[in-house]
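What follows is a short report on a single structure.
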Amino acid sequence: MKDWLSKFRALVLFGIVALVLSACGRENLTALDPKGYGAEVSLKLILLTTIVMTSVFLVVIILLIIVLVRFRRKKGEPLKNVPQVEGSKTLEAIWTIIPIILVGIMAVPTVVATFQLADTSDKDEHININVTGYQYWWHFEYENEEIATSQDMYIPVNKKVYVNLISNDVLHSFWVPSISGKLDVNPENVNTMFIQAYEEGVYFGKCAELCGPSHSLMDFKVVVVSEEEYEQWVNDMKSFNSQELELDAVAAEGRDLFEEKGCVACHATDSQNFVPGQKPIGPDLTQFADRSRIAGILHPTEENLYKWLKDPESVKPGNKMTGAYPELSDEEIEKISAYLMQLSPSEVTAASKE
Amino acid sequence: MATTAAAKRSFWEFIWDYLTTVDHKKIAHLYLAGGGFFFILGGIEALIIRIQLIKPENDFISAGFYNEMITMHGTTMIFLAAMPIIVGLMNAIMPLQIGARDVAFPFLNALSFWLFFFGGLLLNLSFLFGGAPDAGWTSYASLSMDSSGHGIDYYIAGLQIAGAGTLMTGINFIATIVTMRAPGMTYMRMPLFTWTTFVTSVLILFAFPPLTINLFLLMFDRMFGTAFFNVALGGNQVIYQHLFWIFGHPEVYILILPMFGVFSEIFATFSRKRLFGYTAMVFATMLIAFLGFMVWAHHMFTVGLGPVANAIFAVGTMAIAVPTGIKIFNWLLTMWGGQVTINSAMLWALGFIPTFTIGGMTGVMLGSNVADYQYHDSYFVVGHFHYVIVGGSVFGIFAALHYWWPKMFGRVLNETLGKLTFWPFFIGVHLTFFVQHLLGLMGMPRRYWVFLEDQSLDLGNLISTIGAFLMGVGAIIFVINIIVSAFGEKAAADPWDGRTLEWAVSSPAPYYNFAQLPLVRGLDPLWIEKMEGNGKIPAAEPLGDVHMPNGSIIPFLMSIGFFISGFGFIYQTDNVYWYLALYGGLAFSIALMIIRSVKDDYGYYIPKEELEKALEGEAK
């Protein structure tokens with residue numbers, strides 16, 4: 001019995017320690033370790049409100065414990081009649097006024113921060129990225145740069161970047177917890193906010209508004225690079241031409257198949273025919289081989305690419321690619337994969353930052 | 001052979017009795033049974049969700065079915081479990097507390113129940129006929145318009161029918177409390193549970209019409225080609241969100257305010273002390289209800305309404321903490337200086353205080369809109385609202401059931417089993433939902449079918465699932481308690497040494513409630529008579545014949561009519577023949593309305609002699 005008890009205790013202790021250690025979550029995903037302006041402002045308010053409210057909670061708990069210790073009817077104690085107290089104006093005034101003060105302490109910084117984060121007056125002086133949410137992927141068009149990417153968004157470190165969000169179908173919500181709080185991606189209007197990342201790296205982005213079966217798989221990445229790397233990346237993206245790629249025989253056949261099978265109808269593979277504001281049907285594949293994930297969630301391995309091309313439904317239920325292209329033989333998949341893996345315009349990649 | 005035939009007949013009589021009853025106490029039984037059934041259903045759905053999330057990238061259920069589960073869990077728990085059980089408790093107790101013989105409109109009361117029942121049934125039949133709704137319990141317009149199949153149509157039709165029943169209940173209770181209080185029962189002598197029933201009914205009256213309108217607009221868009229929310233045709237889905245939360249935020253107060261009433265009764269009774277700061281409690285309730293209508297946009301902080309709207313709604317939301325805080329401290333001070341007996345009912349009430357305070361805490365934290373940009377639609381929100389709804393409403397329901405079970409069913413629930421229900425459930429709640437706050441901040445959005453590997457979300461989700469099963473264990477023990485207690489000892493009229501009028505009548509109350517209407521001499525009338533009188537409530541009228549309403553099968557049949565027309569609405573888009581069901585069902589219900597209106601029903605009288613006999617029996 002005792003043995004069992006000590007084991008149980010050890011288990012509980014272990015659990016608590018493990019919980020505390022993991023309580024902050026994964027780096028570049030958690031909101032508790034902010035690496036951007038918005039996330040930093042939010043965390044300050046999270047901490048302020050947590051401290052204020054926890055102090056209230058402690059008062060309540062201490063009172064509750066005192067009440068239970070002092071006034072609990074002991075076993076066998078006879079019932080007695082106690083004085084029937086109507087109330088106390090003083091006490092009630094105290095616990096009305098103190099909470100009002102506490103609310104003030106939390107409300108003022110909240111309002112100040114609200115207006116700070118909503119100030120978009122310098123929008124035109126900074127990089128603007130037009131973000132479109134699709135079931136279940138993200139498209140990023142770089143204003144004034146004539147380039148676009150999908151799934152991975154590149155931004156320079158320590159620079160204010162404006163994202164202009166709109167949805168192509170249903171509601172989505174744009175959330176990169178480590179960099180900034182979220183903003184909804186509405187179908188009827190453009191929502192604008194700025195983000196600013198403090199450290200280079202690859203950050204996890206999530207869709208935070210239920211948008212269908214694969215809502216939980218609508219991940220994207222924000223790749224934060226140095227300013228020079230960003231310039232280089234933009235230039236590489238602009239000059240990249242998938243038709244002029246020097247390919248081996250297999251990949252070259254893959255490029256032909258990419259056209260024959262109609263992939264090209266939905267997917268761009270470079271920015272040569274870029275039209276500003278044009279909404280693509282499927283994700284832009286220009287820098288497919290540089291992506292941190294396939295379809296936003298799978299690690300970029302050959303098996304995973306095969307899995308995706310063979311049966312996308314098994315990876316992302318409800319996606320719009322399933323059934324939109326002719327069935328591919330294993331050989332054809334192999335060739336197309338070989339081609340896609342050559343779509344690498346730049347040395348600045350997600351992998352180089354991970 | 002003869003005995004079984006007799007038993008059989010009496011069984012059918014029993015069923016017929018409940019199908020036609022207009023007695024508020026029997027309707028309460030129906031509500032509790034119906035709500036209890038849906039509570040179990042919603043609980044199973046919750047466990048399926050938690051099994052799916054026990055480990056990363058689990059494939060226990062498919063993505064589509066998962067969305068059906070989260071939608072039906074939320075919708076069922078709110079509309080078909082919590083609200084009906086609460087309405088059942090109000091039905092059972094409120095007329096007794098104000099010294100009335102029934103509610104103002106007994107026929108309407110029965111109709112309300114059957115509409116809820118058939119609405120809920122319709123909604124859940126979607127599982128059998130091609131798939132349940134899958135756009136979340138909020139069913140936001142852009143996704144619910146995009147959803148294929150008839151799931152969302154079932155959601156619309158089911159909630160519309162059930163919602164009509166709820167609205168009628170609200171009107172009924174308001175009329176009852178305004179007009180049917182016993183002599184001497186002034187507003188400021190009403191027990192807190194009656195007060196919160198009253199305020200909740202007002203909330204229902206004002207909150208449900210926006211829901212009705214919203215569901216109609218969605219129905220027109222989905223079924224009849226309008227474009228209120230269709231962005232491609234110039235519609236606007238943000239309007240759906242506004243209308244939904246103008247209903248949805250008061251809705252959470254509809255779920256919690258009655259429980260504030262329950263706890264007020266329980267703390268006072270088991271501390272043997274009157275409620276501390278009664279007047280403040282009443283006005284705090286009204287203030288919470290009023291503010292509840294002013295803060296809906298805090299569910300929409302990330303929609304992009306702009307800094308002015310966000311700031312106003314943030315401050316308004318935080319302000320609700322003030323009246324809620326007043327309540328918590330008044331409850332603590334009610335116990336202060338009293339003699340606190342801890343039994344099952346009291347255990348739930350005591351468990352409520354820390355649990356609900358945490359829920360309120362995170363509520364204020366969510367009210368800070370800039371912090372909410374991180375919390376919003378993450379597991380933090382899931383943790384928060386379960387702390388409030390489980391820690392408030394569900395704890396309240398359990399407390400109320402243990403407290404009033406003797407009055408409702410004539411049996412006292414087993415104490416040992418009561419405590420065995422509480423502890424696993426209480427621990428389970430905190431295990432399940434506390435870590436969810438952290439999961440949210442660690443980057444896990446809500447309504448996620450899977451969470452990916454290597455995102456440090458594994459442990460938290462595992463703990464959460466273990467907690468959910470503990471809650472399940474608690475719930476099962478409660479069901480065992482009900483069965484065991486059915487064979488237990490009969491309850492006395494006043495097993496808790498109560499303070500309010502319901503404890504002055506036998507357990508369960510006679511079908512006419514009070515042979516003579518009681519005379520109320522102050523707050524806590526029974527306690528006053530125990531202290532200053534002979535422990536009996538004085539009568540306000542001489543013994544005479546008592547007028548009672550007749551039972552009727554019409555509410556049941558009328559609801560079936562709406563139920564059938566519901567199918568008509570759902571399927572008329574597939575095949576015009578379904579218009580037969582649509583119009584046929586409506587015609588049937590309208591015909592019954594006409595019959596009810598034209599045919600006079602004067603009720604009947606209980607002769608004075610029968611009441612005398614009953615009173616003598618009681619005296620013995």
Side-chain angles (χ1 to χ4, degrees), chain A residues 18-19 22-23 25-26 29-32 41-42 45-46 49-50 53 57 60-61 63-64 67 71-73 80 82 84-85 87 92 95-96 99-100 103 106-107 110-111 113-115 117-118 170-171 173 177 181-184 187-188 191 204 206 208-216 297 317, chain B residues 62-64 67 136 140 142-143 146 231 236-237 272-274 276-277 280 302-304 307 310-311 314-315 318-319 321-322 325-326 328-329 332 335-342 353-354 357 361 364-365 368-371 373-374 376-377 438 441-443 445 447-450 452 455-456 459:
Chain A
L19 190 67
S22 67
R26 190 192 201 284
L29 168 63
T30 174
L32 294 168
V41 174
S42 288
L45 278 158
I46 290 172
T49 51
T50 306
M53 292 320 291
F57 177 73
V60 170
I61 288 300
L63 268 175
L64 181 65
V67 164
F71 301 107
R72 180 176 179 174
R73 184 179 155 211
K80 61 178 182 198
V82 296
Q84 302 290 308
V85 185
E92 286 174 74
W95 60 62
T96 308
I100 290 175
V103 165
M106 293 181 290
T110 297
V111 174
T114 304
F115 282 90
L117 286 177
V170 300
L171 261 182
S173 192
K182 59 187 80 62
L183 187 60
D184 284 1
E188 62 264 89
N191 272 340
F204 290 79
K206 302 261 175 195
E209 183 66 62
L210 181 63
C211 58
S214 283
H215 164 54
S216 60
I297 44 171
Chain B
S62 73
N67 284 358
Y140 272 8
S142 63
L143 182 62
D146 185 68
V231 175
N236 186 315
Q237 54 80 35
R272 303 177 63 74
K273 211 164 144 270
R274 67 172 271 170
F276 191 88
T302 65
V303 168
N310 278 359
V315 176
M318 290 182 192
V322 178
I326 292 174
I328 297 270
F329 286 111
L332 289 170
M335 288 185 279
W336 191 283
Q339 190 187 26
V340 181
T341 305
I342 299 182
I353 289 199
T357 305
M361 246 176 87
V364 175
M365 290 162 65
S368 170
N369 59 312
V370 175
Y373 298 157
Q374 291 288 17
H376 195 87
D377 267 331
L438 292 172
L441 286 169
M442 283 153 67
R447 293 166 167 175
Y448 261 30
W449 165 54
V450 290
L452 302 177
Q455 301 203 337
S456 297
L459 181 65

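So you know, we letter chains A, B, ... as the sequences are listed, proteins then strands, and number each from 1. In this text, all values refer to a predicted model and were calculated from it rather than measured experimentally.
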Subject >> Which atoms of B:Val231 approach chain A - backbone, side chain, both or neither, heavy atom under 4.5 Å >> reply: side chain
Original post:
Using a cut-off of under 4.5 Å for heavy-atom pairs, which of A:Ala208, A:Ala107, A:Pro317 has the most such pairs with chain B?
Top reply: A:Ala208
Subject >> chain B contact via A:Leu64 - side chain, backbone, both or neither, heavy atoms under 4.5 Å >> reply: both
Original post:
Of the backbone (N, CA, C, O) and the side chain (C-beta and beyond), which part of B:Ala280 lies under 4.5 Å from a heavy atom of chain A, both, or neither?
Top reply: both
Original post:
Between B:Met318, B:His376, B:Gln339, which has the largest tally of heavy atom pairs under 4.5 Å with chain A?
Top reply: B:Gln339
**OP:** Go through the structure and list residues passing salt bridge (Lys or Arg N to Asp or Glu O under 4.0 Å) with B:Asp377, not counting sequence neighbours.
**Re:** B:Arg446
Original post:
What part of B:Phe276 gets closer than 4.5 Å to chain A, counting heavy atoms only: side chain, backbone, both or neither?
Top reply: both
Subject >> Parallel, tilted or perpendicular, as decided by the 30° and 60° cut-offs, for the rings of B:Tyr448 and A:His215 >> reply: perpendicular
**OP:** Could you tell me whether A:Arg73 atom CZ has more than 12 heavy atoms of other residues or ligands within 6.0 Å of it?
**Re:** yes
Subject >> Best-contacting candidate, B:Ile328, B:Leu452, B:Asn310, against chain A by heavy atom pairs under 4.5 angstrom >> reply: B:Leu452
Subject >> By salt bridge (Lys or Arg N to Asp or Glu O under 4.0 Å) - contacts of A:Lys206 (at least two apart) >> reply: A:Asp219
Original post:
With a 4.5 angstrom heavy-atom cut-off, which part of B:Ile342 approaches chain A: side chain, backbone, both or neither?
Top reply: side chain
Subject >> Under 3.5 Å: donor-acceptor pair, side chain of B:Lys273, backbone of B:Val340 >> reply: no
**OP:** Please determine, among A:Thr114, A:Leu63, A:Ile100, A:Ile61, the option with the most heavy-atom pairs under 4.5 Å with chain B.
**Re:** A:Thr114
Subject >> Close side-chain approach of B:Val322 to A:Thr96, heavy-atom, < 4.5 Å >> reply: yes
**OP:** Find the one option among A:Ile46, A:Asn191, A:Leu45 whose heavy-atom pairs under 4.5 Å with chain B are most numerous.
**Re:** A:Ile46
Subject >> Main-chain N/O of B:Val370 paired to A:Ser42 side chain as donor or acceptor, under 3.5 Å >> reply: yes
Subject >> Side chain / backbone / both / neither for A:Glu92 at chain B, heavy atoms under 4.5 Å >> reply: side chain
Original post:
Out of A:Ala118, A:Pro187, A:Pro99, which one racks up the most heavy-atom pairs below 4.5 Å with chain B?
Top reply: A:Pro187
Original post:
Are any side-chain N or O atoms of A:Glu188 and backbone N or O atoms of B:Gln237, one a donor and one an acceptor, separated by less than 3.5 Å?
Top reply: yes
Original post:
Do you know which two heavy atoms are closest between B:Asn369 and A:Thr110, and how far apart they sit?
Top reply: OD1-CG2, 3.0 Å
Original post:
Considering only heavy atoms, which portion of B:Asn67 lies under 4.5 Å from any heavy atom of chain A: side chain, backbone, both, or neither?
Top reply: side chain
